[in-house]
Structure formats: structure tokens, C-alpha cells
Amino acid sequence: MPSTSTTANSLTVILPDGSRKQYERPVTPYDVAAEIGPGLAKAAVLAEVDGQPVDLGSPLPRQGDVRLRLLTKKDPESLAVMRHSCAHVMAQAVMRLFDGVQLAFGPTTATGFYYDFALSHPLSEDDFPRIEAEMQQIIQANERFERIEMPRGEAIQLCAELGQDFKVEHLQTGLGEEQSVSFYRQGEFIDLCRGRHIPSTGHLGTAFKLLSVAGAYWKGDSSREQLQRLYATAYFDKKELDAHISQLEEARRRDHRVLGKQLELFTINQTVGSGLILWLPKGAIIRQTLEDYLRGELRRRGYQAVFTPNIGRVELYQISGHFPYYSDSQFAPIDLGDGERYLLKPMNCPHHIMIYKSKPRSYRDLPVRLAEFGTVYRYEQSGELSGLTRVRGFTQDDAHIFCTEEQVADEFRGCLEMTQTVLAALGMNDYRVRLGFRDTQSDKYVGGKEVWDRAESALQAVCESLNLPKMSIEPGEAAFYGPKADFVVTDCIGREWQLGTVQLDYNLPSTERFALEYIGPDNQPHRPVMIHRAPLGSMERFVGVLIEHFAGAFPLWLAPEQVRVLTVSEKSEGYGREVEQRLAAADLRVAGDYRGAKLGAKVRDAQVELIPYMFVVGEKDREAGTVTVRDRIEGDLGAMPFDAAIAKLRAEIDAKTVRQVAERSAVAVADCENQHEY
RNA sequence: GCCAGCGUAGCUUCAAUUGGCAGAGCACCGCAUUCGUAAUGCGGGGGUUGUCGGUUCAACUCCGACCGCUGGCUCCA
């Protein structure tokens, strides 16, 4: 940086356009903005000094050079800061309206913010209008956000005086290392807070909304107090808020639990049991079509199909280490009374391992790839169950690969490629890959350090060579038995879903577990490495996500009913039935609507049921041997010879074409749970 | 499992004037209509208001327990 004519007692401010300003007196970023122009002074909400976010009102250094950026609501960094300020205003409103409010944490999220409180009044949506009105008053009062720094000891005393026990605890434990901490005050409200904040509540405007209330544990610990969490969001622009709200409505409209009922895809029956899916005929078609497609991919890639039972002796899981360590997420064992106990299988790998062990293996046999659509049962907590995405019985598109250490990279690559192929076939082209590596500080992992180092660098090299989109490495996210790659798919309305997974395993093959071996070229026994992989994860969850992704309008190759024959009047029923039969003979999934209703009504019903194609037949068609094709998306395509119509559909099915009317959105609703560990 | 909210016909479409005879729409069934691209008309059946108990002359409505669902939290080999 070129030196300036700075004297010992002056400050040089360098603006992004390179212009410089010099000050002999103490100034804040706001002062600089005001000097540039009153418009900027009004619009600025935040500053960045030498790359660090700073409040507009905080003093700049007295001397030296600083690079200053003044941020307005147009700068993306401003949004989170504004939302955090809005969280403070919400907390202030809650404290005004209710007595004995204890403040916990109030951070921003990807799409808004929340604040956790302890208070005796149970908050409900009925309270939202009052809280919002009170927030509006605070905003209108245009209270300044004032930053107050003080030593930690004084801060503890202040919070104790304010009766804020959570803050005292946090200062003593979470911030125990800090010398000095900061508070922010607006009006009568003061809160321990790192910041930053916008200059005053007046900058908040009206584009905010309380969304929901929920329970949440203090510090996320289920043994601690349960708090009340208010979720809300805020934008600088009312239009953006409205867009966000219609986004939430769109998500509700696509809810697979509602669509699954309407489209008769699946049902859950209380007498059968919570979290246990009954696939209805139409849903079964989707699942079966997906499975058939995957079976073809598996054959092409050298997998061998196997079948294993739904239960196994407890001893099997004692060897694998899953029992009793994970007993609270398993159904209780079936006890035969003579000391023999069986477990509903919570994962397929021990069974597949026993197939590997059924005969001696040579290095020439490897890799051995065993695949099964294996149904597993896990006792998820009742509050966790949800539609198809969180269930107690589910079928994994599972496979286990047994290979040599040298083959790991190629096999891993094959798994990733298969997952990419499958996702692409389903039009799910927006996903990121999360590499879960070990936390080097932790000792919960099995296998030596050098094995892990080798595995992790091999995985990373493979992933990099495949040019995987948006790859991220997350230390501490590995399974205890090996590193993994998870596919996190973004659906067409911007929500993330953890689906496919590929995991390396050094644990189960080991001496302490199943002691797997193969005979190497040196005629000595060696230990194979295992890979667990499931491109879709589970059929239940994947179909659930597909329903929402397509909003129930499946591409032709997956649609339960591909074509509906509609007769113009009952006079054409004979020809209609003939057309229907010929479609069935051509291996299309078809139904006929021969009711006495008007054509418009039949068209509407088929549209509502999201049938991809309608073949309208009337007397003109009968005479000409044609069908009049209506495309669900494009509408009436006119009459065409029957064979041409079939060829059109056949081509679309064979190409697995995905045609969708869906608008993309940048808003993300995070969902990062993972049910597909092994 | 925890916190909060909600349970009325097959329907996540909903009503019942705050304790006074459970009622519509869609779907379903029947009859009429024979129609060319998003709802033809008329008629009909369908309910122990989630379950059990309590208060009351009287409960969908108020109270309690349980069951289920929803939103979150915790968990997720």
C-alpha cells in the first residue's frame, strides 16, 4: 500500500473506489457516510473496516490507514445483520408484553432468525399479532442500537442484576475465555451480543413476520430446560418477504404426505403401526420402476444380487458391535424363551458379510459387490416420524463392496459415478457432495491414523477427479468406522435432502469384528476393505422427496398412470376400449374414462390427477383410426395416427425425459438429517 | 422422548351465531343427458364429532386422561 501524507495524529480512510479522506478528529463510519452525502448516510446500515464488519456508529482508529466499505441493504452481508437486529426487537417486544422473560439465544438462520425464551406464558400463534404490533412500535420509535463493551466480570454482574440466568451461565461457561464482552442496547432493552447491528430500529421497516413457535432445549441439550423458540423472518423489501411466504406455501402444496394421499401412493395405518409404510398400487409402481432401473445399473456395474432375511440373531449384532450400543434405536429383541434372541435387522451389512464369508475368497475374486434392496427396521422416536421421510421400516438400495486396499479408489469412484448417473436420470441435477472426514482431535474412530490418512486423501483425490459439484470437506462428520461421501440434493424449490451415501469401513472387516480375509498373490491371508453405498438412500425417503420435487407430476417413465383414454361420448366407448387395450399391449400403463360425463369434466379430472397424456377418442377418431393427444403440460396436440402417438410416448419413456413446470427459487429450507448410516 | 398447537363424513375444503335438533362442497351411488379438450342437471347414501371418563336438564363446544397428527427440539449405527 502506498504511504500517504498521514501525520502522526490523523486517520486516512480509503474508500472502495480508491478515494481517500483524512481526519484529525475522531470519526465513525457514519460520519464518513454523512460527509459523502446525506443519501448514503440514510441508506448505510453497516460498515466494513479492513474486511471486518463494524457498526456504523463505532469509532474508527485515530490514526493510520483504514479501508472502509459502507454497506447498504443492497449488499448481501447486510441481510443477516438486519435480521439479527430484528431478533433483538422481537425479544424486546416479548419482554414488554410478558413478565419474567428469560433470554437465551437468538441467532439468524439461512432464511430468517429465531429467539429462544423461557417464560411462564405459553406462546402461541395467537400472540403473534400483538408481538408484531409491539415490534412495529419499537421500529417506529427508531431506537438506536448502542454497543457497550465491558469486562466479563462486570458483564456477569450486569446480567445477574437483570435476572438473566442463561446469560450469566453463558458468560461463565461458553464465554469463559473472554476478557471483554459486548452488549447491545436499544431503548430499555439490553442484551449480551457479539453484534453487529444496524444503526437503529427504524431501518427495519415493515417486511418482517413471525412464523412459528416451537420448543427447543437450552444449548441443544435434552437434559436441560426446554425453552420456547419463536421463528421469524425479515427482509429489506416487502416483495421479498411475500416471495418467501409464497415459497413456504408452495412447499406446503407439495407436501408428500398430502399428495401421497390424494394420488393414492401410500398410506400409514395406526393399527399396522407408526412409521410403517403401506405402499398403495400407484406408489408401488413408482418404487418398482425405480428398483428395476437400479437393477439394470447394478448388473451393468458388476454387482451381484443377494437376498437376506429380515431378522438375525442378536449374536450377529454383538459381533458387528451394533448391539447393545444402539439398542435404544432398535426394536426390542424377539426372545424365544430358550435363550435364543432375534433382532429385526437394523442394517444389511452383517448379513452381506456372512455371504462374503460363506467361502474362501481369492484376490482374483475381488472386488465382490453384493446388492440387495434390503428392508431394515429402526425404532425412531415417536416425535421424529414424518410421512415417508422418517419411518421405522425402510428399504435401502443397499450394496456392500469387498475389495483390496488398492481397489478402494476405483470402487469409490464407481459408487460416486453410479449415484451421479441415477440422480441425473431423475432430473435432480442440483446437489452437493459432503466429504465426512474424521475429527483428528477425537479418539472415537477405529483404524490406524495412517490408514485414515490414506483413505481420506484417496477419497479426496477421487472426488476431485470427478469434478463433483460444490464439494465440501467436513471434519468430524465421518462415521466412526471410516470416511464417507454424502449426496445432499436440492429439490426444485430449494430444499436440501441428504439422500445417497458412500462410506468406507475399516471396522467390520477387522479382527475384533468379522475378521474378513482374502488370499493374496503371496498365498497369505489379507484383510479386505468394505464400502457401504446406497445411491438413493432408502426407497421410502427417496420417493417422498421425488413426490415433492415433482409436486406429484412424475415424468412419464415413472408415472403410475401414463395415459388415460377419454371418450367424447359413450358412443365411442367401443373404440376407446380398443385403444386402451392396444396401449396396454404396448406396455403402457393406461386407464379409460368411459363415464357419461362431458369431455371437459374428464379432461379436468385427468389434469388434476396429473396424468401425463390423455388420448381423446370420439367418432371422428374412430373413423380415421386416430387418437387426439392431449399433453398435460402443452395441452391439445391434435389428432395423430395411433402408432405415431405410441411411438412418441415410447421415445419419451425410453429417454426418461424429465419435463417439469417448476419455478426455481433461491430460498433454502435446510433438512440435513441422515437416516442412511450403516 | 420433550414443548406447543390441532383432531367434525373418503377429503390438510370447511360450517354449526360461543352449552340448545351435526350441516355444506368435492368424491361416491342412481337417473336423465350423448356432448371434441379444466367442473351437465336432478336425486340418494354416508357421522357413537379421535377414545375413555367427568361437569350439566342438555356437550362438537367446558374439564381430565389417553391415542393420533402437525411444527420444532433432542436423536439418527
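Below, chains carry the letters A, B, ... as their sequence lines are ordered, and counting in each starts from 1.
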>> salt bridge (charged side-chain N to carboxylate O under 4.0 Å, His left out) for R659(A) and E652(A)? Distances and angles first, verdict last.
In response: CA-CA 10 Å; R659(A) 300 186 311 143; E652(A) 187 174 331; 3.4 Å; yes
> Within the side chain of E573(A), is there an N or O that forms a donor-acceptor pair under 3.5 Å with the backbone of T567(A)?
Replying inline: no
> Just checking S569(A): base, sugar-phosphate only, or nothing, at a heavy-atom cut-off of under 4.0 Å?
Replying inline: base
> What's the CD-C1' distance between E570(A) and C31(B), to the nearest Å?
Replying inline: 12 Å
>> Can you tell me whether the side chain of D636(A) and the base of G36(B) have a donor-acceptor pair closer than 3.5 Å?
In response: no
> Looking at F487(A), does the NZ or CZ of R432(A) lie under 6.0 angstrom from its six-membered ring centre and within 45 degrees of the ring axis?
Replying inline: no
>> Does K261(A) reach a base, just sugar-phosphate, or nothing at all? Heavy atoms under 4.0 Å.
In response: sugar-phosphate
>> Heavy atoms only, 4.0 Å cut-off, all strands: where does G220(A) land among base, sugar-phosphate and nothing?
In response: sugar-phosphate
> If pairing requires Watson-Crick or G-U wobble contacts with both distances under 3.5 Å, which nucleotide is the partner of G36(B)?
Replying inline: none
> Which is true for Q330(A) with a 4.0 Å heavy-atom rule: it touches a base, it touches only sugar-phosphate, or it touches nothing?
Replying inline: base
> Can you tell which of G36(B), G1(B), G71(B) lies closest to the side chain of A214(A)?
Replying inline: G71(B)
>> With a 3.5 Å limit on both atom pairs, tell me what G68(B) is paired to, counting Watson-Crick and G-U wobble, or say none.
In response: C6(B)
> Hey, does G600(A) reach any base, or is it just sugar-phosphate, or nothing, if we go heavy atoms under 4.0 Å?
Replying inline: sugar-phosphate
> For C75(B), which nucleotide in any strand shown is its Watson-Crick or wobble partner with both distances under 3.5 Å?
Replying inline: none
> Using purine N1 to pyrimidine N3 plus N6-O4 or O6-N4 for Watson-Crick, or N1-O2 and O6-N3 for G-U wobble, each under 3.5 Å, what pairs with C14(B)?
Replying inline: G23(B)
> When we call it a touch if two heavy atoms are under 4.0 Å apart, what does Q270(A) touch: a base, just sugar-phosphate, or nothing?
Replying inline: sugar-phosphate
>> Just the rounded figure in Å: distance from C1' of C28(B) to CZ of R595(A).
In response: 11 Å
>> Under 3.5 Å, is there any donor-acceptor pair linking the side chain of T628(A) to the base of G36(B)?
In response: yes
> Atom CD of Q226(A) and atom P of C73(B): how far apart are they, to the nearest Å?
Replying inline: 11 Å
> Of all heavy-atom pairs between E609(A) and R564(A), which one has the smallest distance, and what is that distance?
Replying inline: OE1-NH2, 2.9 Å
> What's the closest nucleotide to the Q607(A) side chain, out of C35(B), A38(B), C75(B)?
Replying inline: A38(B)
>> From the set G1(B), C75(B), G36(B), return the single nucleotide nearest to any side-chain atom of Y217(A).
In response: G1(B)
>> Strictly by Watson-Crick or wobble contacts shorter than 3.5 Å, is anything paired with G53(B), and which nucleotide is it?
In response: C63(B)
> Would you call U18(B) syn or anti, using the 90° rule around 0?
Replying inline: syn
>> Suppose we define a pair by two distances each less than 3.5 Å, Watson-Crick or G-U wobble; what does G44(B) pair with here?
In response: C28(B)
